[in-house]
Amino acid sequence: MLYKLETILIGILIVVTNCSININTKDLNVVPLETDIPMQFTVPDNYHDFWNAIQHFDFDYINRYKVTDEQLNFVCGLELMITGNFDDATELFSTLFLSTDDSLMKENIATVLQALLSYDYKWDKLIELDSQLPAGLDEENTIAFARAFNTMPQERIIFPDKPVALPTKLSISGVPIIEVTVNGKKQKFWIDTGAEMSVLASDIARKCRVSEFRGELVQMGTSTEIVIDSWPGVIEELQIGDITIENHPIIVIDEKNLEFRLFKIFKLIGIDGILGWNAIMNLSMEIDFKNGLTTIKKPEKDFNPEPNFHFVGVPFLSLTDTLGTPFHFFFDTGANKSSLCEPSLLKVDTLHAIQSKSIVGGAGGSQTIKHIKLPRQAFVLGQNCLNFGNIDVHGDGEYYFLFFDGIIGSDIAKSGTLILDFQNGRCELELPDGE
C-alpha cells in the first residue's frame, strides 16, 4: 500500500463546477434491481498485446492467444489475488520473480508483490524485494516507510463481543466522519477506502504524541498531482469505539496539506485524520448515511459465491452494466462523486458525450481538469441499480499495475446504508424500506 503514492491520501475530496460546490446527488438515482442481469463472459477483443490486455482486466487473452508459461502464471497469480487467496498469490509471484529472465515481467511482478507484501505488513520482505531490483523500489517511496514500520511491534486489533455503533456526520464533500481516540485524545476521522493507509495531520500527531519517523521524509504525489512532504508514523493505540488497534501504521502529512481551500483563500475543509484502507480492510462496517450511524464489528468468515469487493493494490468493485458487461471500479469513499475513466469509453455509448471542466480538490490543493460528461449510464451493484443521469469521464484510470473503468464514490450511498465486508469480498447497498 505504499508504492504509487498519488492515491495514498484522498481520492476526490470535492468537485467544484462553474465555481459552485457540487455535493448533491441529483444526477444519481439508486433503485432496487427489477430483473436479473445476465453475466456477459465474453469481452470485446480490444487488446492485442499481452500486457495491455491484462492491465485492462482482459484475462481471457490467455485463452484467445498463445502465451508463455510465465505469462500464464502471472495471470493465475492475479486471479488468486483478486479472489482473496493472498498467501498463494504471494508464493506464486515470489517464485516467478526469482525464476524469470524477462525484465518487464520482473518489473510487473515486483509491482504486484509490493501490494501483497504491504497488505500483510511484511515489511522485511519488502526490504528484501527492494534489494533484488537493480534500481530498487525507492522511485515509488516504498522502502522509506517499510524501514520505519519494520522497527515497530506488529499491529494487533482487539474487538469487543458486541458491534460498535458510532454517530456519523458527513463532511462538506459527503465523506463519512466518525470520532476516534488517538492515544487517548478524541479526533475526527474520515472513512476513506481510497486512502491506502490511515493518515494524521502533523499537528494532531504532535498533540497525540504519535511516534513519527521524520528522518524518513519522502515526497509524494496526491490526487491533484501536487507534490507534498510526508513521513511514516505509528499510532500506539487507535480506539474506534470499543475496538482497539495497537501499533497502527500511518502516514503523517503537514496540516496545511490536509486543508482544502476554494481559490486558495477560503478554507472549506480541515482534516484531523483519515481511517484508511489498512484499517478498513480488517473491519466489517455498515455506514448508514441517511441516519448518521456507522456500525463496526469483527469480520466473520463465511462463504460468498459471488464476491464483488477485491484488492489489487487498491480496493475495487466488480460491477456490470444492465447488459451484463463487466466493469471494474476503484472504490474510493473519499470521493464525493463517482466517475468513469478512459477505459470505459470502449464499453459505453459516447454518442451524446459533451466536454466540461471542473475544479478538483485533494490533499495539497486543487486543480482544473477537462473531462467528458456522459448522460444516462447505469451500473448494477448487488441487488441495486445505480442510475446516473450524468457521469463525468476523466483520467486514464491507472492505479498501480491496472487500469480501471472508473471510481465509485460515497455518492452511491447517500440515501441508504453502505455495507463493507472486504474479508468476505462483499460490498452492498441497503436502501430504506419503500425505496
For [X], does the [atom1] atom have more than 12 heavy-atom neighbours from other residues, nucleotides or ligands under 6.0 Å away?
X	atom1	result
Glu91	CD	no
Lys301	NZ	yes
Asp101	CG	no

Q) Does the Thr320 side chain pair with the main chain of Val380, one donor and one acceptor, at a distance under 3.5 Å? A) no
Check whether the ring centres of [X] and [Y] lie less than 6.0 Å apart, and answer yes or no.
X	Y	answer
Trp277	Phe330	no
Phe404	His328	no
Phe316	Tyr399	no
Phe309	Phe331	yes

Are any of the side-chain nitrogens in [X] or [Y] under 4.0 Å away from the carboxylate oxygens of its partner?
X	Y	value
Asp302	Arg426	yes
Glu128	Lys122	no
Asp392	Lys337	yes

Q) Is there side-chain contact between Lys169 and Lys188, with heavy atoms separated by less than 4.5 Å? A) no
Q) Per the ring-ring contact (aromatic ring centres under 6.0 Å, His included) rule, which among Phe93, Phe57, Phe74 passes with Phe401? A) Phe74
